[in-house]
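Notes follow the structure.
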Amino acid sequence: MLVELHVHLDGAIKPETILYFGKKRGIPLPGDTVEDLLQHISYTEPLTLTQFLEKFTFYMPAIAGDRDAVRRIAYEFVEMKAKEGVIYVEVRYSPHLLANCKVHPVPWGQKEGDLTPDEVVHLVNQGLQDGERDFNIKARSILCCMRHMPSWSLEVVELCKKYQNNTVVAIDLAGDELLVAETFPEHRKAYEEAERCGIHRTCHAGEVGSPSVIKEAINVLKTERIGHGYHVLEDPALYKELLNRKVHFEICLLCSVLTGACGPDFRKHPVIQFMNDKANYSLNSDGPLILNSTIETDYKIAKQFLDFTEEEFKRVNINAAKSSFLPEKEKKELLSKLYEAYGMVPNNPS
Ligand SMILES: O=c1[nH]cnc2c1ncn2[C@@H]1O[C@H](CO)[C@@H](O)[C@H]1O
């Protein structure tokens, strides 16, 4: 029984669905069988984060701008997670990157159409809620600002407000820290507004970027969780502070190696330090389509290379539940389910 907090909807699409919509819409793809397509999209040897992010360009044109496709990827995502044994998931995406109207520039070289970022959120919500009903798990969403597109950020926070608790629980800042580490004023304003309106905040920081990006995410963006954050270890004082404050790190093991964020030897992975220090972290899949993985792959890596015990497995998932962006009452219900499944009698269930 798992809790997952960091996975990108547009990085978790079934290849069959990409092929279906590519064909239906006459949009060229780099392959016309699952194997062919995966040869271009997914990979197994480390690249850079920039190269990882380029993989989206191969298949997003088949999905973006199509109402059925957007609703369907959200629905199938929930189905996929239910099969993996996830009982609560927070899935993130950029509404702008799935739209083709009222978005500048229109992404993926699409022609201007009539699907707005606002309607994208509505469609994803429908897919997630249909999935929740059919597969009996809980799914919430996080809307991403993109580092290189500050002009979208204020609309992202407005969408968070409009759809608050209608699956949307938080704002995120994703994209390439290697190319744009800068936190533009628009991102700051969006996070300020999120805080003011009680919208939770997470932020990609210190994945490939320096500890100063993490510092800024905490101090300026007032983020509650850190997406990745491996490079925090390069600033021991900051690391100590975040440990004391029990800040949650959303760790994505396989992703961290395949994006070159961390070295190729899992036995030297920063998460070992997190484990030894009893840090507050979770294990997550990030972009399973591109990484050709499932959440189970990440747990297998942890067991095989990190001496990850059953105890740690429970602790990590309980920490994930505690650090989830659910309202308190629902968080308690989620925790109770985990305690029961893990055969634990909590001292303090909250
Ligand atoms: O590991 C990552 N680091 C930073 N950005 C990412 C990562 N994975 C995906 N995205 C970016 O987030 C967008 C919204 O889901 C994706 O389209 C991709 O550009």
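Read the numbers this way: they start at 1 and go in the same order the structure lists the ligands and their atoms.
Looking at Leu97 against ligand 1, only its side chain comes within 4.0 Å, counting heavy atoms. Heavy atoms of Met146 found under 4.0 angstrom from ligand 1 belong exclusively to the side chain.
Counting heavy atoms of neighbouring residues, nucleotides and ligands inside a 6.0 Å radius, atom CG of Asp68 exceeds 12 of them.
Counting atoms of ligand 1 from 1 in the listed order, those under 4.0 Å from a heavy atom of Phe52 are 7 (C), 8 (N). Residue Ala174 approaches ligand 1 through these ligand atoms, each under 4.0 Å from one of its heavy atoms: 5 (N), 12 (O). Each of the following atoms of ligand 1 lies closer than 4.0 Å to a heavy atom of His228: 1 (O). In the vicinity of Leu53, heavy-atom distances shorter than 4.0 Å reach the ligand 1 atoms 5 (N), 6 (C), 7 (C), 9 (C), 10 (N), 11 (C), 18 (C), 19 (O). Close approach of ligand 1 to Asp10 is summarised as follows: ligand atoms under 4.0 Å from at least one heavy atom of the residue are 13 (C), 14 (C), 15 (O), 16 (C), 17 (O).
Applying the salt bridge (charged side-chain N to carboxylate O under 4.0 Å, His left out) test to every pair with at least one member in residues 277-287, sequence neighbours left out, gives no pairs at all. The list of salt bridge (charged side-chain N to carboxylate O under 4.0 Å, His left out) pairs with a residue in residues 143-159, not counting sequence neighbours, reads Glu158-Lys161.
Ionic pairing of Lys102 and Asp118 is not present here: no N-O contact between side-chain nitrogen and carboxylate oxygen is shorter than 4.0 angstrom. By the 4.0 Å N-to-carboxylate-O rule, Lys329 lies close enough to Glu333 to be salt-bridged with it.
Closest to atom 7 (C) of ligand 1 among all protein heavy atoms lies His8 NE2, 3.6 Å.
Distances from ligand 1 to the non-hydrogen atoms of Arg147 include no value under 4.0 Å. Within the 4.0 Å heavy-atom cutoff, Ser94 counts among the residues contacting ligand 1.
Aromatic ring centres of Phe135 and Tyr75 lie closer together than 6.0 Å. Residues His269 and Tyr230 place their aromatic rings such that the two centres sit under 6.0 Å apart. A ring-centre distance under 6.0 Å is found for His204 and His6. In this structure, the ring of Phe305 has its center less than 6.0 angstrom from the ring center of Phe266.
Taking only non-hydrogen atoms, the option from Met60, His148, Glu207, Lys55 nearest to atom 1 (O) of ligand 1 is Glu207.
Any N or O atom pair closer than 3.5 Å counts here, and Asp176 shares no such pair with ligand 1. Backbone and side-chain nitrogen or oxygen atoms of Gly175 are examined, and one is located within less than 3.5 angstrom of a nitrogen or oxygen of ligand 1. On a distance-only criterion, Tyr93 and ligand 1 share no N/O pair closer than 3.5 Å.
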